[in-house]
Amino acid sequence: MGDLNIQVRYLLWVRFCERGGTGLSVPRPAGAEGWLPIAGLMNTKYFFLTGRVPAIHPAAMVLFIAFMLMSLLLKKAFCSWLCPVGTFSEQVWKLGRRVFGRNLHPPKWVDIPLQGLKYLLLGFFVFLIVAMSAEAIHDFMSTPYGLVADVKMLNFFRDIGETAAIVIGLLVLLSMLIQNFWCRYLCPYGALLGITSLLGPVKIRRDVEACIDCGKCARACPSSLAVDQLVQIRSVECTACMACVAACPAENALQFSLVPRKAATPAERWRRRALSPIAVAAVLACIFLGLVVVAKATGHWQTNLPRDVYMDLVSHAREAGHPGI
Ligand code: SF4
Ligand code: SF4
């Protein structure tokens, strides 16, 4: 809901600027910069190189760091708990299951090479950004294109061409057939979060003594992970959705937990180290709100351009060409 609210306010702000300051006036919601993960990555690099918070799209950096932190602590929880594309994707495959009666599971020889595509895309972006100096990042962000990169993104969908519409239609159809098609095969952001999540301490863990080998967890897993065969899920594809935990009928057999302590009794071990869905939601909210509140309080949330400059840039955003890197 919060995300939808931001999108509506953002659209109103763009329309206000395009109409030269007439109509409903709303402040620019900087949270829309969550749609600029590449700017977030570039700005994070700038921050680590210079020690200074970038003046252009600081919210993109704050949100990027928040989502990375979430992945570091709670697997790819961002994908299943917060990402609007992930949420849309989930609704689409559920719809596909209702329409076609089932979802398809590509065989391993198709599935594994396809999973590599998102790492290729990630490698491409990382390669470009690694080559940029702090000065080059600053110069890029200061161009008209960089300043209104968020509006360019919006205009891509508003002025969508035939080819792009066909590609998006095809992706939606494939997402109806295959669970989380975009996330599993193509999303470079998810690829980065997945790699980061390998370092995390909290994982889905199965107690083989309590498990009754019913296989319900594996059947419930939207990432097609063999939860019923493993003792812990290290996979980069685990999104901490906890569907497997919810499906498990055996008490304390499956938990999203830290490594259990050896000293306590088995049941106590799991209870003390396991995270409930409420605890996961609370940790995600603390990271998200904590960083946003600090950024706002220290003046590192909004891109502070004068209103008339924004109005000029936004109304000419369609003419702003990519400056190259
Ligand atoms: S169902 Fe379990 S193993 Fe599968 S993605 Fe969700 S949390 Fe991870
Ligand atoms: S759902 Fe629970 S009991 Fe069944 S196989 Fe998975 S972990 Fe074991």
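Ligands are counted one by one from 1 in listed order, and the atoms in each one are counted from 1 as well. When reading the values below, keep in mind they use all heavy atoms of this one structure, side chains included, and skip hydrogens, waters and symmetry mates. Along the sequence shown, residues are numbered consecutively beginning with 1.
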### Query
With a cut-off of 2.8 Å, does Cys211 place any N/O/S atom under that distance from atom 6 (Fe) of ligand 2?
no

Short list, please: which atoms of ligand 2 are under 4.0 Å from a heavy atom of [X]?
{"X": "Arg206", "result": "7 (S)"}
{"X": "Asp228", "result": "5 (S)"}
{"X": "Ala250", "result": "3 (S)"}

### Query
Which heavy atom in Ser224 sits nearest to a heavy atom in Arg184, and how many Å separate them?
CB-NH2, 4.2 Å

### Task
Indicate, as side chain, backbone, both or neither, the part of Lys75 found under 4.0 angstrom from ligand 1 when only non-hydrogen atoms are considered.
neither

Distance from [X] atom [atom1] to [Y] atom [atom2], nearest 0.5 Å?
{"X": "Cys211", "Y": "Lys216", "atom1": "SG", "atom2": "NZ", "value": "12.0 Å"}
{"X": "Ile168", "Y": "Trp182", "atom1": "CD1", "atom2": "CH2", "value": "9.5 Å"}
{"X": "Leu225", "Y": "Thr239", "atom1": "CG", "atom2": "OG1", "value": "8.5 Å"}

### Query
Contact between Gly215 and ligand 2, counting heavy atoms under 4.0 Å?
yes

Just to confirm my output: which protein heavy-atom neighbour is closest to [atom], and how far is it?
{"atom": "atom 2 (Fe) of ligand 1", "answer": "Cys244 SG, 2.3 Å"}
{"atom": "atom 4 (Fe) of ligand 1", "answer": "Cys221 SG, 2.3 Å"}
{"atom": "atom 3 (S) of ligand 2", "answer": "Ile212 N, 3.4 Å"}
{"atom": "atom 5 (S) of ligand 1", "answer": "Thr239 N, 3.4 Å"}
{"atom": "atom 8 (Fe) of ligand 1", "answer": "Cys238 SG, 2.4 Å"}
{"atom": "atom 1 (S) of ligand 2", "answer": "Cys217 N, 3.3 Å"}
{"atom": "atom 6 (Fe) of ligand 1", "answer": "Cys241 SG, 2.3 Å"}

### Qualifying residue for side chain to side chain contact (heavy atoms under 4.5 Å, CB included) with Ser175, from Leu95, Leu170, Val92
Val92

### Query
Can Ala240 be said to touch ligand 1, with heavy atoms closer than 4.0 Å?
yes

### Message
Is Pro222 close enough to touch ligand 1? Criterion: a residue heavy atom under 4.0 Å from a ligand atom.
### Response
yes

### Task
Please check if any side-chain donor atom of Asn180 sits under 3.5 Å from a side-chain acceptor atom of Tyr185, or the reverse.
no

### Message
Within the 3.5 Å criterion, strictly below it, is a donor on Gln232 or Arg205 matched to an acceptor on the partner's side chain?
### Response
yes

### Task
Please confirm whether the backbone N or O of His57 pairs with a side-chain atom of Thr303, one donor and one acceptor, at under 3.5 Å?
yes

### Query
Does Trp81 use its side chain to pair, donor to acceptor, with the backbone of Ala240 at less than 3.5 Å?
yes

Quick one: which ligand 1 atoms are inside 4.0 Å of a heavy atom on [X]?
{"X": "Met242", "result": "6 (Fe), 7 (S)"}
{"X": "Ser223", "result": "5 (S)"}
{"X": "Val227", "result": "3 (S)"}

### Task
Please state whether the rings of Phe288 and Phe67 are parallel, tilted or perpendicular, taking 30° and 60° as the class boundaries.
parallel

### Whether Tyr189 and Phe64 hold their rings parallel, tilted or perpendicular, with breakpoints at 30° and 60°
parallel

